[in-house]
Amino acid sequence: MGPPGAGKGTQAQFICREHNIPQISTGDMLRNAIAEGTTLGLRAKAIMERGELVSDDVILELVRERLRQPDCVAGCLFDGFPRTVGQADGMRELDISVDVVVELQISDSLIIRRISGRRVHEASGRVYHIEFNPPKVDNVDDVTWQPLVQRHDDSETVVRARVEVYREQTAPLIEYYKRSGVKYYEIDGEATVNEIRQNISDLLKTADT
Ligand code: AMP
């Protein structure tokens, strides 16, 4: 959990590598659908460009399909899902149980700085930051050497809309999960990438799931 720019995608990659589980990023799945020109992609594109949320039904169906893949048998990490109370309730109905929630906390002022420097490798979803988490070679993905791009919805106006949507529709999940009894960890998302990585790694070792 965390607002845009909190570092969810970056940290998700580390956690998944360390625990050998797949990263299920609904944002990446939607961006892939747009790149492939599917019906879902065409419908989602305008919504995403405005920084609004795609409907719960569509998202839950995407996740349900994805969880059928064999790589999910030992668990997975959700990145950017659930984003509404409706989605969290939908997960329960699908019998998807949550062991741990990690919330990355970051102030509004840092959000814009983080997002304006963010660059992504579109095909894999790998995330970089020109200042805080640079690739080995400027503007090039470390693994494939393909060029990095800036996301369309990373413009300042759209980011402000996304933050608003987060506060209104996603932040209620903080109380939802705290009350539900799952292990809930609040992490200082303003530390460096490596410090955050270490903090999460240490916490997850004690989580004993
Ligand atoms: P993200 O990459 O997680 O920042 O997601 C980018 C955009 O995709 C969001 O601003 C939403 O428009 C859409 N999106 C991603 N995940 C969800 C979700 N779980 N529910 C609704 N919309 C989503």
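In what follows, every heavy atom counts, from backbone to side chain, and hydrogens, waters and symmetry copies are set aside. Order of listing sets the numbers, starting from 1, for every ligand and every atom in it.
- Each of the following atoms of ligand 1 lies closer than 4.0 Å to a heavy atom of Gly80: 16 (N), 17 (C), 18 (C), 19 (N).
- Remark: ligand 1 atoms within the under-4.0 Å shell around heavy atoms of Arg31 are 2 (O), 6 (C).
- Met48 CE, 3.7 Å is the protein heavy atom nearest to atom 7 (C) of ligand 1.
- Looking at Glu93 and Arg64, no side-chain N of the basic residue comes within less than 4.0 Å of a carboxylate O on the acidic one, giving no salt bridge.
- Nearest non-hydrogen protein atom to atom 16 (N) of ligand 1 is Thr26 OG1, 2.8 Å.
- At most 12 non-hydrogen atoms from other residues, nucleotides or ligands lie less than 6.0 angstrom from CZ of Arg113.
- In this structure, Asp141 contributes its side chain and Gln146 its backbone to no donor-acceptor pair below 3.5 Å.
- Look at Arg66 and Asp71 and you find a salt bridge, because one of the NZ, NE, NH1 or NH2 atoms lies within 4.0 Å of a carboxylate O, short of that distance.
- Here's the thing with Leu30: none of its N/O atoms is less than 3.5 angstrom from an N/O atom of ligand 1.
- Just one of Leu173, Val54, Thr170 meets the side-chain contact (heavy atoms from CB on, under 4.5 Å) condition when paired with Arg83; it is Thr170.
- Ionic pairing of Lys45 and Glu49 is present here: one or more N-O contacts between side-chain nitrogen and carboxylate oxygen are shorter than 4.0 angstrom.
- In terms of protein heavy atoms, atom 1 (P) of ligand 1 is closest to Arg83 NH2, 3.5 Å.
- The pair Asp154-Arg162 meets the salt-bridge criterion, since a charged nitrogen lies less than 4.0 angstrom from a carboxylate oxygen.
- Near Arg162, meaning under 4.0 Å from one of its heavy atoms, ligand 1 places the atoms 4 (O).
- Short contacts between ligand 1 and Arg151, defined as distances under 4.0 Å to a heavy atom of the residue, involve ligand atoms 1 (P), 2 (O), 4 (O), 6 (C).
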Q | CA sep, side-chain torsions, deciding dist, call: Arg167, Val163, side-chain contact (heavy atoms from CB on, under 4.5 Å) | A | CA-CA 6 Å; Arg167 304 265 180 248; Val163 172; 4.1 Å; yes
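- Heavy-atom proximity to Gln87, at under 4.0 Å, picks out these atoms of ligand 1: 18 (C), 19 (N), 20 (N), 21 (C).
- Of the candidates Ile34, Val54, Val63, Val54 brings a heavy atom nearest to atom 21 (C) of ligand 1.
- At a 4.0 Å heavy-atom cut-off, ligand 1 touches Ile59 through the side chain alone.
- Of all protein heavy atoms, the one lying nearest to atom 12 (O) of ligand 1 is Glu52 O, 2.5 Å.
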